[in-house]
Amino acid sequence: MTAGALRTAGGMPPGGKGNDLTALWAVLPHLPDLLEAWRGRTVGEVAGQFGAPGAAPAPSRALIDAMADLAAASMGQGTARALRRRLARTPSVLSANHHAIECFPELAQAVHFFGLAELLGRPDEPAEPAGMCEPCQMDAAGAVPPSVPEPGEPRRVIPVLSCTTVSLQSQVYPRGLMLSRRVARDGHMVRLPLFSAAEQDTMVGAAPPLTAAGVAAMRRRWGQAGLAPWERDAANALVDAHVDRAEVYDLPTFTAQVGHINASLCRARFSDNPDVAVAYVGLETLAARLLERDLTDPRSPVAALLFDGALRHGLLEALAGARACWERDVFDGGTASLPRTGRTGTAFFWWVDDAGRRCPLRCARDGAGMALVRDGVRIPLEPQAITDALGRGRIVPGLFCSYATLVAGHGLRCHGGIFFAAYLPVMLAAVERVLGRADDAARGGEAGGGTCAGGCTGFAGLTGVAGGAGLLAALPLTVLFDAGRGPRRVAGAVEMFAAGGLTRRHLEHLAGLPMDAVLPVSLRECYMECVPHDARAPGWSRRFAAPMNEGAGVVLSLTR
């Protein structure tokens, strides 16, 4: 069945039944086309595209330096050197995740889907092609990392850019751990806090570091969560092994702690692959560091879009109402502060209030010129004022500014989740269109095209992929968990930890699975997360149980 037929019939890839997914297609109308591109391919074939060199230009030296520096701060110089080698070979990174102790099944499993080629590389293979010595591999001192890593250093790295502007209480629960068992009363997964309720609205990037006393106090409350004995034991063992550690508490920020904890968790999960590291770097943290440099550079496409009045207005109009961008309210001439929660978005950057919460900013003109404003806050829309606010941590880039900087400005190739695969093409098309019109005007009307990321034009030039399907790296759920009692469920980080992780044999099995075989379970979970209760088809849960019970993929258990 074609994607068009799939959408109109409300059908499902093989393994599904009836028109149960009509409500999902209404929420995610772009998804059938992306799934159609996977039809007839194996998990390994799809995953193999993520690390391919592709057509995109090499990432900038500035980006590689910044990303390696951030990785080194929480994961050490060995991982930073492996990251430099990786980015010199391919600009691809996973960008679906939230900066949390990654428990949410879809995002925890995105790591091995995106990184499957790295995890299945032979230990005796060179980390990079022989003789590779590109300038962008050099560190800040001009030294080139050795092509053969030092003993004990990772040979390969799976890079993950994770969102830091969500709140601790957001859907994937950065506030603590999450089990994949759903609570009957509201359908949410079981949550085990490591931060107090008073901090739940704090933005991840502004959260205070975890402390031994705070973690101990929160763990004492877990007895109220109605945990099965194995759930309690697994969650406590995970914290003992990977969180409640002196080296974690010594790190100065929660952001750095998350990078360290996730690297440690993934070493245990992929224990057959000790030469592969997983490196979490905060998306907005990286973008902010580059913007402090770029916004004073007249050659920067993002600087042009922010500070040229005509380009800025064209961009605001082009992306008004677009997902992950802003509504017209942010630039419509109003004066009232925008609500802190809601769907209005923000004008390019979020304001960080004294409680560490993100707040939307308006783009408005007053007697002194254009500025970003909110509740007595006024930041002139000028390079020095914006870079000063970024440096002090009072503003953080929104998703548009982050991806425009990393992709259009610095040549990174990002692969994300189901919403990302819809909004990134829209963002980049607007950048291309607005800058292209400016270039045409400069040429006296001669058609040209916007230049970004070293001169590449068009969506494929900016991303290194031919369309949205190549951007999707978080959806397939290939690992289920059987606790011995009750129904199977998808496996998140706690479940994979309890079962001892994924062996090389597991990963080899996953690589050979047809994508059609794993999509029914994946879409069942996607349906539960995205479709409101009152829009779900009658009897959907009973019919969707069959794919979960039959579930192609790896089934882990407590006894493994």
Side-chain angles (χ1 to χ4, degrees), residues 47 49-51 59 63-64 66-76 78-87 89-119 154 156-166 170 172-174 178 204-205 242 251 253-270 273 276-287 289 399 402-403 406-407 410 412-421 424 471-476 492-493 496 502 507:
Q49 72 188 340
F50 298 131
L63 181 140
I64 293 179
M67 198 166 177
D69 287 349
L70 291 170
S74 57
M75 290 160 274
T79 297
R81 285 190 282 268
L83 182 57
R84 286 181 181 276
R85 291 191 296 267
R86 158 78 186 215
L87 292 174
R89 173 171 60 84
T90 172
S92 290
V93 300
L94 176 61
S95 189
N97 302 54
H98 290 190
H99 206 66
I101 301 173
E102 196 80 89
C103 296
F104 190 67
E106 179 184 318
L107 303 185
Q109 294 197 33
V111 172
H112 65 250
F113 177 50
F114 174 82
L116 197 56
E118 305 291 337
L119 291 166
R156 299 178 180 83
V157 67
I158 300 170
V160 181
L161 281 184
S162 42
C163 182
T164 64
T165 57
V166 295
S170 64
V172 304
Y173 201 62
M178 177 182 279
V204 168
H242 302 289
L251 293 168
T253 64
F254 180 59
T255 300
Q257 289 176 332
V258 164
H260 185 95
I261 292 166
N262 282 330
S264 177
L265 266 173
C266 289
R267 277 195 303 274
R269 185 181 308 154
F270 308 122
N273 303 84
V276 180
V278 178
Y280 276 69
V281 172
L283 168 70
E284 295 85 358
T285 308
L286 175 62
R289 181 170 293 197
L399 287 177
S402 295
Y403 285 119
L406 299 176
V407 179
H410 289 273
L412 203 60
R413 189 196 308 160
C414 297
H415 304 265
I418 51 176
F419 295 110
F420 170 95
L424 186 69
L471 299 177
L472 184 58
L475 175 67
M496 288 189 277
L502 294 171
L507 296 171

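Sequential numbering from 1 along the given sequence is applied to the chain's residues.
With sequence neighbours left out, Phe254 forms a ring pair (Phe, Tyr, Trp, His ring centres under 6.0 Å) with Phe195. Residues forming a ring pair (Phe, Tyr, Trp, His ring centres under 6.0 Å) with His242 (at least two apart in sequence, or on another chain): Phe497. In this structure Tyr403 satisfies the ring pair (Phe, Tyr, Trp, His ring centres under 6.0 Å) test together with Phe420, sequence neighbours excluded.
The CG atom of Leu424 lies 10.0 Å from the CG atom of Leu399; values are rounded to the nearest 0.5 Å. Taking CZ of Arg84 as the start and CE of Met67 as the end, the distance is 11.5 Å to the nearest 0.5 Å. Taking NE2 of His112 as the reference point, atom CD1 of Ile158 lies at 10.0 Å (rounded to 0.5 Å). Rounded to the nearest 0.5 angstrom, Leu161 CG and Glu284 CD are separated by 9.0 Å. Considering CD of Gln257 and OG of Ser74, their distance stands at 10.0 Å, rounded to 0.5 Å.
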What's the verdict on side chain to side chain contact (heavy atoms under 4.5 Å, CB included) for Met496 and Gln109, showing C-alpha distance, side-chain angles and the deciding distance? CA-CA 10 Å; Met496 288 189 277; Gln109 294 197 33; 4.2 Å; yes

Let's go through Val93 and Leu87 carefully: what are the C-alpha distance in whole Å and the side-chain angles of both, what is the deciding distance for side chain to side chain contact (heavy atoms under 4.5 Å, CB included) to 0.1 Å, and is it a yes or a no? CA-CA 9 Å; Val93 300; Leu87 292 174; 4.1 Å; yes

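A donor-acceptor pair under 3.5 Å links the side-chain atoms of Asn262 to the main chain of Glu102, judged by distance alone. With Arg81 contributing its side chain and Ala68 its backbone, the two residues share no donor-acceptor pair below 3.5 Å. Between the Ser92 side chain and the Phe50 main chain, a donor and an acceptor come within less than 3.5 Å of each other.
Inter-residue side-chain proximity for Val281 and Pro159 is flagged as unmet; no heavy-atom pair is nearer than 4.5 Å. Between His98 and Val204 there is no side-chain heavy-atom pair separated by less than 4.5 Å. Residues Leu283 and Thr164 form no side-chain contact, since every pair of their non-hydrogen atoms from C-beta on lies 4.5 Å or further apart. For the pair Leu83 and Met75, the minimum side-chain heavy-atom distance is 4.5 Å or more. Under the 4.5 Å side-chain criterion, counting only non-hydrogen atoms from C-beta, Asn273 is not in contact with Glu118.
The only member of Leu107, Asn97, Ile101 that meets side chain to side chain contact (heavy atoms under 4.5 Å, CB included) when paired with Val172 is Leu107.
A pairwise comparison of heavy atoms in Arg269 and Ala493 identifies NH2-CB, 3.5 Å as the closest pair.
Side-chain atoms of His99 and Thr255 form no donor-acceptor pair, as typed in the model, at a separation below 3.5 Å.
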